[in-house]
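Values in this document were obtained by computation on a predicted structure and should not be read as measured data.
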Amino acid sequence: MPTNADAAELFRGIADVLDVLGERFKPEAYRRAARSIESLTEGLADVAARGDLRTIPGVGDAIEEKIREYLGTGRLDYYDRLQKEVPPGILTLLRIPGLGPKTARRFWLELGVEGPAELADAIQQHRLDGVKGFGPKKIEQIRVALAAAAGAPAAARLPIEVATAIAQRLVAGLRAAGGVEQIELAGSFRRGRETVGDLDILVTSADPERIFDAFSRLPDVGEVKLRGGTKETVVLRGGLQVDLRVVEPAAFGAAWQYFTGSKDHNVRLRSLARDRGLKINEYGVFRGEERVGGRTEQEVYGTLDLAWIPPELREDRGEIDAAAKGPLPPLVERTDLVGDLHLHLPPGAGARDVDQLVATARARKLSYLGLVVARVEPDASRSTLSTAVLDRLDSVKSAGLTIVRAVEAGADGIPAEWAKLRHDYVIVRPTAAQAEPPTSARTPFGAALVAHVGGEESGRRWVAWARSQGAAVEVGPGPDRLDSTGARTAREARVPLVLPTGVDRQEDDPTCPVALGFARRAGAGPSDVRNTAPVAEITAAWSKKRRA
DNA sequence: GCCGTTTTCGGCCCGACTGTTTTCAGTCG
């Protein structure tokens, strides 16, 4: 059975061919459908079985038909036929930066070039010289891009937790250089997507040239790709592309909204504006020549009679219609997290580490800490906190901060040797030996939290299992935790989420903000997250479960 | 090919930047 990602790739392939064939609007239509399919929280086959394919934004009669054929046979006749129309190498050319469908088509039809290698030959043989529209600079640009593409694979999207550290460095570097008034990140980074393809940084400053100069000299920056009066594009040494834009304060909100996206969200917004005789661009909202908004994002949405929409929801999945009806339900915030339910002390930790953790927790105004006192490691070995540490945990218990004790084990149960180990709840963490949830409805214990589960299919099965256990699920970065899709699946199944607070990590650690972003992308409000509740409420639920 | 509380047909976001151009085409985001 093809996955959603397979179907999305198929439609992108169709779009590429149609692009080269010179179709005007169909390519975007297929790409739109591809994006929608990718962001679904359930399998395409399930949607098809319910007869709901047409409810997917961008899917109409023709594409519904094609999805059904593809799901049924694993092929698509239309795509097979299309592929015969264009040499495969021409589609490869589309991946070369700066080279689009129009140019690829001309190479193919006017020069008989059918792929990257042939194009490189043609350049070397000076067959492009004198061709209309291709001056020496353009030819050199293509030659260099071809050589670069031949060596390295296309730059992969970066996990957001990795991009976070880079973004923090860049922003700190720009601030340190001076001349920066306001600086914010935009793009898919701000929307909290799992991966980012590039970074977008927005600055207000009286002296854009100074900002661009400083940016070009940051140690992370490898190459300046282009630089104009309002924007500079660089490629970092690690390969990540970063766009920096300098805007005037009166347009900051409009620019921030514009560059945050998503594309589909913005398209909807601008067509709404047009219906009202307004025009939205990165400089503001305009009625004729007059700017009627743009200093803040609230102004931009306000001119369309929309409530402000949190960036994590801006994917054109119904958020605009919801914002037209009134303020959106609040999403969970960092300050809503009043405790942490999944903390580890480092191996060999002593009483002093407990004190450290407690001090940090107090400073961050957390009122409870769920600490793992014994765990089955992923390699099946077992470890328990030292008696000294356990004693220290008891001593801090009365001081305004509650410590609750967890044991962490696989889904096959907790080891018998822990029978006398005092604990308040159980965290299930899948072991290598049991990577999939048990099929029996009940296990010998009631898990309170299922942690370290990820993956599209496997995540869905663990969420279903957590539901059968009355357990919460952990959200966070990395392949072994639930991302925003997993979090949405959980929320829709009314399985509570648990978010890491990062209290056991460095101040700039991305785990907490990234997890929070995933939960928000899933539409989670405070009540969807278990560790927004006071500890008494949580422990009451645990003891009720134990009696059941 | 999709889409519609002004449309079932006629639209489809919009601007920066680059290179090649005497006014614009292509690409990108």
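Between A:Asp321 atom CG and B:dG4 atom C1' the separation is 12 Å, expressed in whole Å. One atom, CD1 of A:Ile142, and another, P of B:dC28, lie 11 Å apart when rounded to the nearest Å. Going from atom CD of A:Glu110 over to atom P of B:dG26 covers 11 Å, rounded to whole Å. Atom pair A:Leu244:CG and B:dG29:P shows a separation of 16 Å (rounding to whole Å applied). One atom, CG of A:Asn266, and another, C1' of B:dC28, lie 15 Å apart when rounded to the nearest Å. The CZ atom of A:Phe259 sits 12 Å away from the C1' atom of B:dC28 (whole-angstrom rounding). A:Asp200 has its CG atom 16 Å from the P atom of B:dC28, to the nearest Å.
Of all the residues in residues 20-31 of chain A, A:Phe25, A:Lys26, A:Ala29, A:Tyr30 reach under 4.0 Å from DNA chain B with at least one non-hydrogen atom. Only A:Pro57, A:Gly58, A:Val59, A:Gly60, A:Asp61, A:Ala62, A:Ile63, A:Lys66, listed by number, bring a heavy atom of residues 50-79 of chain A to less than 4.0 angstrom from any atom of DNA chain B.
Nucleotides B:dT21 and B:dG26 place their C1' atoms 13 Å apart, quoted to the nearest Å. Spacing between B:dT20 and B:dA25 at atom P, rounded to whole Å, works out to 16 Å. Between the P atoms of B:dT8 and B:dC14, the separation comes to 22 Å (whole Å). As rounded to the nearest Å, B:dG10 and B:dG15 have C1' atoms that lie 24 Å from one another. When the P atom is compared between B:dT6 and B:dG1, the two are found 28 Å apart, to the nearest whole Å. Rounded to whole Å, the C1' atom of B:dG11 lies 9 Å from the corresponding atom of B:dT7.
For A:Arg521 and A:Glu312, the salt-bridge test fails: no basic side-chain N is under 4.0 Å from an acidic carboxylate O. Taking 4.0 Å as the cut-off between side-chain N and carboxylate O, A:Arg237 and A:Asp220 do not count as a salt-bridged pair. Residues A:Glu28 and A:Arg32 are not paired through a salt bridge, judged by the lack of any N-O separation under 4.0 Å between the basic side chain and the carboxylate. Between A:Asp61 and A:Arg54 there is a salt bridge, since a side-chain N of the basic residue sits under 4.0 Å from a carboxylate O of the acidic one. Here A:Asp16 does not pair with A:Arg12 in a salt bridge; the nearest charged N to carboxylate O distance is not below 4.0 Å. With respect to A:Asp483 and A:Arg488, no salt bridge is recorded, no charged nitrogen being found less than 4.0 Å from a carboxylate O. Classification of A:Lys225 and A:Asp243 as a salt-bridged pair fails, no side-chain N sitting under 4.0 Å from a carboxylate O. Using a cutoff of 4.0 Å between basic side-chain nitrogens and carboxylate oxygens, A:Glu110 and A:Lys132 are not scored as salt-bridged. With salt bridges taken as basic N to acidic carboxylate O contacts below 4.0 Å, none links A:Arg157 and A:Asp198.
Base pairing of B:dT8 is not made with any nucleotide, judged by Watson-Crick or G-U wobble geometry with both donor-acceptor distances under 3.5 Å.
Cation-pi check for A:Arg190 over A:Trp256 is met; the charged atom lies under 6.0 angstrom from the ring centroid and within 45 degrees of its normal.
Note on A:Leu269: nothing from the nucleic acid sits closer than 4.0 angstrom, heavy atoms only.
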Taking only nitrogen or oxygen atoms into account, show me every contact under 3.5 Å that the protein makes with nucleotides 14-18 of chain B, one pair per line with its distance.
| residue | atom | partner | partner atom | Å |
| --- | --- | --- | --- | --- |
| B:dC14 | O2 | A:Tyr258 | OH | 3.1 |
| B:dG15 | OP1 | A:Lys279 | NZ | 3.2 |
| B:dG15 | OP1 | A:Asn281 | ND2 | 3.2 |
| B:dA16 | OP1 | A:Tyr283 | OH | 2.6 |
| B:dA16 | O3' | A:Thr230 | OG1 | 3.3 |
| B:dC17 | OP1 | A:Gly229 | N | 3.2 |
| B:dC17 | OP1 | A:Thr230 | N | 3.1 |
| B:dC17 | OP1 | A:Thr230 | OG1 | 3.2 |
| B:dC17 | OP1 | A:Lys231 | N | 3.2 |
| B:dT18 | OP1 | A:Arg227 | N | 3.2 |
| B:dT18 | OP1 | A:Arg227 | O | 3.3 |

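The CZ atom of A:Arg520 sits 12.5 Å away from atom CG of A:Asp528, with the distance rounded to the nearest 0.5 Å. Note that CG of A:Leu202 and OG1 of A:Thr260 are 8.0 Å apart. Values are rounded to the nearest 0.5 Å.
The phosphate of B:dC28 (OP1 or OP2) has no side-chain N or O of A:Thr233 nearer than 4.0 angstrom.
Nearer to the 5' terminus of DNA chain B, by closest-nucleotide assignment, is the contact made by A:Lys132 (compared with the other of A:Lys132 and A:Asp198). Between A:Phe134 and A:Asp275, the one whose closest nucleotide on DNA chain B sits nearer the 5' end is A:Asp275.
Looking only at side-chain heavy atoms (C-beta outward), A:Leu244 and A:Thr233 stay at 4.5 Å or farther from each other.
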